[in-house]
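A note on names: the letters A, B, ... follow the listed sequences, proteins ahead of strands, and every chain is numbered from 1.
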Amino acid sequence: MEKNSRENNTADIASRRDFLRKAGTYTAASLTGTAMLLSPKPSKATANVSWAEHFQKHYRLMTEEEKAEAIERLEKRYSEEFGKKVSVDGSTAIDGVLFGYALNIQKCIGCRRCVKACVAENNQSRGKEQEIEWIRVLRLEKGNFSEEDRDKGGYPDDYGIQVGGNAYKPAGVVLEGQHYYEPDKVPEKDAFYLPMQCMQCEKPPCVKVCPVRTTYRDPDGIVVIDYNWCIGCRMCIGACPYWARRFNWGEPDLPKEDMNPVTHYLGNRPRMKGVVEKCTFCIQRTRKGRWTACVEVCPVGARKMGNLLDPDSDVRKVLATKKVFRLRADLNTYPKFFYFMD
Amino acid sequence: MTSNKWCGNLIGLCFLAAVLPSTTYGEATPAGKQCFESRKDMSQVQQKAIHPGEPNVKCSPTTGAVLWWGDPFDGTIPMGDMPVEADYSHEEAVVRPREPQIDRNKLLTICSMACHNGQYVPYPKDKLPRPLRMHNDIVPDAMKLKHGKGAIWCLDCHHAAERTKLIDHFGNPISFNEPQKLCGKCHGQVYRRWREGIHGKRIGMWKVGAKKRWWVCTECHNPHDVEHGEQQSGFAQLDPEPAPMLPKGMKNADHERLHEHTHYSGH
Ligand code: SF4
Ligand code: SF4
């Protein structure tokens, strides 16, 4: 194009490589035929995984060069599959950063926008066959007390042995939490909401049980998964007390136009059938300084996130000034996801 | 008819009459896809491409709520000088101006020009509640304002003479872009937490010292109804996003809706 002899060698090589890569993309795409190009769905990932990708090493054991090659391979494959320029980032943890999260359950209105924002950002499978969501919002009842229940609460009879409380009739808060609530409007008068996602435990049981060590804790505290090394045994799903992990039972369904092309190797890059996935605190965003999609979307500002090692960060200010708790603290998982109230 | 007579006296009112039949206060302009940020109909965004194939926002197909920002700082202006030192003093803080949102049908501008110019509607003698003939679309039952339990009324927040402004304790005008300066007059504790960044909403960069877009009070709360009936949550009710997919083979979610669990009954 407007190239002239003054341009140095590196630029030349780079542009040639660029040209070859682009040429390769278009050839491969045209080989698969017009049908694929027009179809809103990408071709099946499992069919496109190259020999080199299939036999690549565990991400953590790769040299820098091998990592770069793996990333380039993926960028090429994804760009072909989704018909647009897809980037795969390999950024490592930022020095001096340990990510933490705080969620205000007093504010949460149960709108589930965080759930859908996460899907828009993280390329989960959607559609009728397999819908994957990393965040789950639980609806909890505030109470179910009635005068009638006080005396007719199910005690066997006037002289019966009382086995403690209303043993035969539920009273008070009795639902164990609803996942599938569908009221016309939220928040409802008699309910509050508790969103759950990966807590990025400091002592993650999922990491302990993984037989191939494909899931591990990175220095910034994010528990990541090398999807290519996952054997799909689902041990981690059983070990996680917070029900944070999801399994791709089928081929993921990710429409081309909805696919978010800004990805990270350990984060939102498209997954394949047979691997486990979960929240990574939007690693592709947070390692570049941006807040997670769920923090940004929450219409009531219930979600706060930042560096636990920085006393001036939002999350540390919450820890310093609010009443906080963690889920299942008794399990010694040390989650970095805190709940708080005003 | 009547408005034609007024036209002779007040030029602006003709304009008002021309605008009123076509738009009602609070209605979205019907051009392109409109989504809302926090408050439905009061924090609208127009969907557009910021780069080819890259939208400024992604919206929920079911509720029309914004789910995702391509550029968190699109359409923002600097927060401006704030009277108190806080987080925003040490990093780049931007806001989406409220004035274009509130004034999107130009009613605010016209009202202050046509009616509240100090002549047509004279400045009120006091701040006491009285039956209103206008503004019932904004505050349906003004005599029972759902804010302050009867202890405050319109002119405690709105400037008596400058209708495009709010008012501070000294009688100075406050821009609609900076409602925090007004709300902070009473809600000191909340104002303080907001300044620290742990009350309210911000998007952009998480790092202390990096750029953030701050949400101001009226982007989430309706100052004319903070009670919201029985909810008392401070937020208007919204449509929730759809429930997750049921596990394969499960027909419905009745099991989690029943109060009488099987293991409780039977005796
Ligand atoms: S919440 Fe579950 S998936 Fe996340 S780190 Fe803890 S055990 Fe692992
Ligand atoms: S977006 Fe915010 S308010 Fe809505 S469910 Fe999620 S945490 Fe709760």
Side-chain angles (χ1 to χ4, degrees), chain A residues 84 102 107 109-113 115-117 119-121 128 130-131 133 136 144 154 156 167-170 174-189 249 258 286 289-293 295-301 304-307 310 312-314 317-318 321-322 342, chain B residues 36-39 43 53-54 58 60 62-63 65-69 72 87 190 193 196-210 212 215 220 228-246 248 252-253 256-261 264-267:
Chain A
K84 57 181 157 192
K107 285 271 147 59
I109 58 168
C111 66
R112 290 204 189 95
R113 255 198 244 177
V115 177
K116 308 295 170 185
V119 171
E121 170 71 21
K128 275 208 284 301
Q130 173 174 269
E131 184 191 79
E133 290 172 348
R136 185 57 67 94
N144 179 40
Y168 301 104
K169 183 118 192 317
V174 288
L175 291 184
E176 282 157 13
Q178 285 172 264
H179 297 238
Y180 305 100
Y181 65 92
E182 267 175 312
D184 286 342
K185 299 276 177 195
V186 287
E188 300 151 276
K189 185 171 167 284
W249 287 97
D258 295 342
T286 42
R290 177 118 178 239
W291 262 312
T292 70
V295 166
E296 290 200 345
V297 81
C298 180
V300 298
K304 304 283 158 211
M305 188 259 173
N307 183 4
D310 180 352
D312 293 327
S313 69
D314 291 7
K317 283 186 199 159
V318 168
T321 56
K322 307 283 183 176
D342 285 327
Chain B
F36 70 98
E37 289 183 334
S38 281
R39 273 177 71 195
S43 55
E54 248 185 81
K58 287 185 188 172
S60 161
T62 47
T63 66
V66 172
L67 292 182
W68 187 92
W69 283 263
D87 276 31
V190 179
R193 296 296 175 229
E196 288 167 349
I198 57 175
H199 174 103
K201 169 167 174 161
R202 299 184 300 176
I203 68 173
M205 314 308 272
W206 56 262
K207 218 178 260 181
V208 175
K212 292 168 183 62
W215 256 247
C220 302
H228 297 293
E230 288 188 304
Q231 304 308 317
Q232 301 284 338
S233 68
F235 303 106
Q237 285 187 302
L238 291 171
D239 302 335
E241 296 296 329
M245 196 168 118
L246 288 166
K248 281 234 163 75
N252 56 49
E256 63 170 31
R257 300 202 177 101
L258 297 173
H259 278 98
E260 310 265 346
H261 286 286
Y264 286 124
S265 58
H267 289 281

| query | If you tally heavy-atom pairs under 4.5 Å against chain B, which of A:Ile109, A:Val318, A:Asp342, A:Thr286 wins? | reply | A:Thr286
| note | Pair count under 4.5 Å, heavy atoms only, with chain B: among A:Lys128, A:Gln130, A:Lys107, A:Lys84, highest is A:Lys107
| task | First locate atom CG of B:Asp239, then atom CZ of A:Arg112, and finally report the distance between them rounded to the nearest 0.5 Å. | result | 12.0 Å
| Taking every heavy-atom pair that is under 4.5 Å apart, which of A:Ala102, A:Ser313, A:Pro187 has the most such pairs with chain B? | A:Pro187
| query | At a heavy-atom separation under 4.5 Å, does A:Lys322 approach chain B through its side chain, its backbone, both, or neither? | reply | side chain
| In terms of heavy-atom proximity below 4.5 Å to chain B, should A:Glu133 be classed as side chain, backbone, both, or neither? | side chain
| task | Verify the neighbour count for atom CG of A:Asp184: are there more than 12 heavy atoms of other residues, nucleotides or ligands below 6.0 Å? | result | no
| message | How long is the straight-line distance from OG1 of B:Thr63 back to CZ of B:Phe36, given to the nearest 0.5 Å? | response | 5.0 Å
| With respect to chain A, which residue among B:Gly200, B:Cys220, B:Ala253 yields the maximal number of heavy-atom pairs within a distance under 4.5 Å? | B:Gly200
| note | Most heavy-atom pairs under 4.5 Å with chain B, out of A:Ala120, A:Gly110, A:Ala293, belong to A:Ala120
| request: Could you tell me which of A:Lys304, A:Glu188, A:Lys189 has the largest number of non-hydrogen atom pairs under 4.5 Å with chain B? | output: A:Lys189
| message | Which residues pass the ring-ring contact (aromatic ring centres under 6.0 Å, His included) test with B:His228, not counting sequence neighbours? | response | none
| By a 4.5 Å heavy-atom criterion (distance strictly below it), what part of A:Asp258 contacts chain B: side chain, backbone, both, or neither? | backbone
| query | If you measure from the Lys or Arg side-chain nitrogens to the Asp or Glu carboxylate oxygens, is any gap between B:Asp87 and A:Lys317 under 4.0 Å? | reply | yes
| message | To the nearest 0.5 Å, what is the distance between NZ on B:Lys58 and CG on B:Leu67? | response | 9.5 Å
| request: Quick one: pull up CG in A:Asp314 and CZ in B:Arg202 and give me the separation to the nearest 0.5 Å. | output: 4.5 Å
| note | Residue from B:His199, B:Lys212, B:Lys207, B:Arg39 scoring the most non-hydrogen pairs under 4.5 Å with chain A is B:Lys212
| field | Interface moiety of B:Glu196 toward chain A, non-hydrogen atoms closer than 4.5 Å | value | both
| B:Arg257 side chain to A:Gln178 backbone, donor-acceptor under 3.5 Å | no
| Which region of A:Thr292, side chain (C-beta onward) or backbone (N, CA, C, O), has a non-hydrogen atom less than 4.5 Å from a non-hydrogen atom of chain B, or is it both or neither? | neither
| task | Report the option among A:Gly289, A:Pro299, A:Pro183 that has the most heavy-atom pairs separated by less than 4.5 Å from atoms of chain B. | result | A:Gly289
| task | Tell me, for A:Asp310 versus chain B, whether the close heavy atoms (under 4.5 Å) come from the side chain, the backbone, both or neither. | result | side chain
| Option in B:Ser38, B:Ala243, B:Gly234 with maximal non-hydrogen atom pairs under 4.5 Å from chain A | B:Ala243
| request: Apply the test side-chain hydrogen bond (donor to acceptor under 3.5 Å, both in side chains) to residues A:Glu121 and B:Trp68: give CA-CA distance (whole Å), side-chain angles for both, the deciding distance (0.1 Å), then the verdict. | output: CA-CA 8 Å; A:Glu121 170 71 21; B:Trp68 187 92; 2.7 Å; yes
| note | Taken in chain and number order and not counting sequence neighbours, the residues that satisfy ring-ring contact (aromatic ring centres under 6.0 Å, His included) with B:Trp215 are B:Trp69
